[in-house]
2 protein chains.
Amino acid sequence: MIRCIGKCTIFAASKSTLSRLPLYYSHIRKMQQQGEKYVSAAAVAQSLNLNPVLVRKDLSGVSSVEGKPRAGFEIDTLLNDLSEFLGYNKVDEAILVGVGSLGRLILTNTEFSSMGLDIAVGFDKDPDLVGLQIGSKYILPMEKMESYIKRTGVKIGIITVPADQAQSVCDQMVECGILAIWNFAFTLLNVPKGILVKNENLPSSLAVLSQQLANKLNNIK
Amino acid sequence: MIRCIGKCTIFAASKSTLSRLPLYYSHIRKMQQQGEKYVSAAAVAQSLNLNPVLVRKDLSGVSSVEGKPRAGFEIDTLLNDLSEFLGYNKVDEAILVGVGSLGRLILTNTEFSSMGLDIAVGFDKDPDLVGLQIGSKYILPMEKMESYIKRTGVKIGIITVPADQAQSVCDQMVECGILAIWNFAFTLLNVPKGILVKNENLPSSLAVLSQQLANKLNNIK
DNA sequence: TAGATTGTTAATCGATTAACAATC
DNA sequence: TAGATTGTTAATCGATTAACAATC
């Protein structure tokens with residue numbers, strides 16, 4: 001349960017908890033749409049193939065009210081708490097740099113906005129792309145990035161350029177005041193202390209998966 | 001160092017180690033191309049912003065020879081060991097289901113093949129897509145998936161369909177003998193014990209990033 | 001040699017799981 | 001009531017970090 005001192009929420013979810021919350025949200029949302037009124041941590045755990053204690057702990061962390069033994073949590077309240085906790089209610093602005101195929105995919109994905117992320121605009125150095133509208137988003141030239149960030153105070157930058165350009169884009173972003181970077185380029189970024197980076201890293205994922213498969217096939221494990 | 005009993009390698013890398021290895025590989029590869037002959041774990045750690053002990057441990061795990069104090073590891077040998085360990089040398093086949101924009105992106109990405117993953121063919125239920133060639137890959141109708149998997153013995157399936165269709169595609173795959181699933185749909189999959197699943201989950205990543213940013217802005221942390 | 005770098009053993013940290021009393 | 005479900009405390013597990021002797 002969230003405990004409040006003044007207006008400050010003090011439940012600090014771990015990274016791993018945090019990455020499960022959106023899954024709970026979308027699952028419980030589905031139940032709501034099916035007309036359910038209550039949901040138990042146990043049921044969620046079973047549907048999502050997770051340890052029940054884990055789910056219980058996660059949910060009790062974000063819920064504003066205690067769950068009722070034997071019934072569980074009221075879905076409407078719980079969804080509210082989840083979306084509040086995840087910041088789905090208040091919208092963060094972001095910019096995206098690198099309007100290649102991945103960049104376009106992200107720019108045009110409408111689901112991010114329901115998760116509180118509004119990608120305001122894309123930047124690209126290719127003059128052929130500049131001025132185009134992709135989805136409903138305009139593509140601006142790289143030269144305008146600095147003034148854009150400074151004018152709007154946007155804090156989140158998404159990098160979808162090729163790996164060899166990622167560091168330089170990152171440096172520019174940081175220079176202009178971006179505080180959090182979502183990096184889709186396959187390279188680790190060097191950032192000053194205090195700048196947040198979240199890497200999306202397909203080669204790493206693939207390595208884990210294919211190694212596990214190899215082990216399995218070899219019966220090592 | 002890899003120790004061998006008969007022909008069986010017994011270093012079992014943890015998931016977290018495994019997901020760092022591709023980063024080491026690509027970084028050290030870059031050094032090789034710049035003409036370097038030796039690399040130290042310490043140097044890699046510094047470039048990638050990682051703890052030196054961690055890198056040392058990871059590298060000593062995969063390297064076939066011991067690193068030389070004061071010099072480090074011979075780059076050519078180390079890269080060989082890394083790519084051997086990661087299975088970049090031997091190619092795994094995979095199929096992909098769901099040829100939307102993300103599916104296309106993955107189908108046409110040429111980098112996977114250098115990482116030992118060959119996406120042989122795509123499947124889609126949309127008759128307009130069937131028969132097309134995207135990149136160099138053919139799109140087949142869903143009905144042919146079963147016979148394709150059984151004929152070729154392919155073991156890896158990539159799911160890029162919308163969330164609400166993912167479970168059913170997954171079930172079909174498992175039914176036909178797929179053992180490892182790379183899931184890009186935003187939903188957790190229920191699979192029988194023993195089937196491997198690796199989820200790519202953007203909403204989860206976003207949740208982590210934006211929460212961290214919020215904490216930062218609130219000076220909670 | 002002196003110092004950088006290695007590999008390993010022990011300590012720490014964080015997250016998951018197990019155990020259990022409390023409650024509707 | 002009996003039993004499912006809750007929240008919490010303690011035990012376990014796994015990964016990272018610290019400490020240190022060995023080596024070129």
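No experiment lies behind these values; they were computed from the predicted model shown. A, B, ... follow the sequence lines: proteins, then strands. Residue 1 opens every chain.
- Contact check of residues 192-207 of chain A against DNA chain C (heavy atom, cut-off under 4.0 Å) returns no residues at all.
- Nearest heavy atom pair, residue A:A185 against residue A:A163, reads CB-CA, 4.0 Å.
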_Check against side chain to side chain donor-acceptor pair (under 3.5 Å), B:S113 and B:D118_ = CA-CA 5 Å; B:S113 70; B:D118 177 27; over 6 Å; no

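- Scanning DNA chain C for stems, defined as runs of 3 or more consecutive Watson-Crick or G-U wobble pairs whose donor-acceptor distances all fall under 3.5 Å, gives the following ranges: C:3-24 with D:3-24.
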*asked:* Can you build the contact string for nucleotides 17-24 of chain D? Use B for base contact, S for sugar-phosphate-only contact, and - for no protein heavy atom under 4.0 Å.
replied: BBBB--BB

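- The interatomic distance linking A:L78 (CG) with D:dT6 (P) rounds to 11 Å, in whole Å.
- No donor-acceptor pair closer than 3.5 Å links the side chain of B:N49 to the backbone N or O of A:N190.
- The two residues A:K198 and A:W182 make their nearest non-hydrogen contact at O-CD1, 3.4 Å.
- Judged by distance alone, the side chain of A:N51 and the main-chain N or O of A:V53 form a donor-acceptor pair under 3.5 Å.
- Within the 3.5 Å criterion, the main-chain N or O of A:A13 finds no donor-acceptor partner in the side chain of A:T17.
- In this structure, the side chain of A:K137 does not engage the main chain of A:A120 through any donor-acceptor pair within 3.5 Å.
- No donor-acceptor pair closer than 3.5 Å links the side chain of B:T160 to the backbone N or O of B:F184.
- Applying the side chain to side chain donor-acceptor pair (under 3.5 Å) rule to pairs touching residues 85-108 of chain A yields A:S83-A:N89, A:E84-A:N89, sequence neighbours excluded.
- Contacts with DNA chain C (heavy atom under 4.0 Å) in residues 14-42 of chain A: A:S14, A:S16, A:R20, listed by number.
- Every residue two or more places apart in sequence or in another chain was checked for a ring pair (Phe, Tyr, Trp, His ring centres under 6.0 Å) with B:F186, and none qualifies.
- B:S204 contributes a side-chain N or O that, together with a main-chain N or O of A:S19, makes up a donor-acceptor pair within less than 3.5 Å.
- Across every non-hydrogen atom of B:K68 and B:Y38, the tightest pair is NZ-OH, 3.2 Å.
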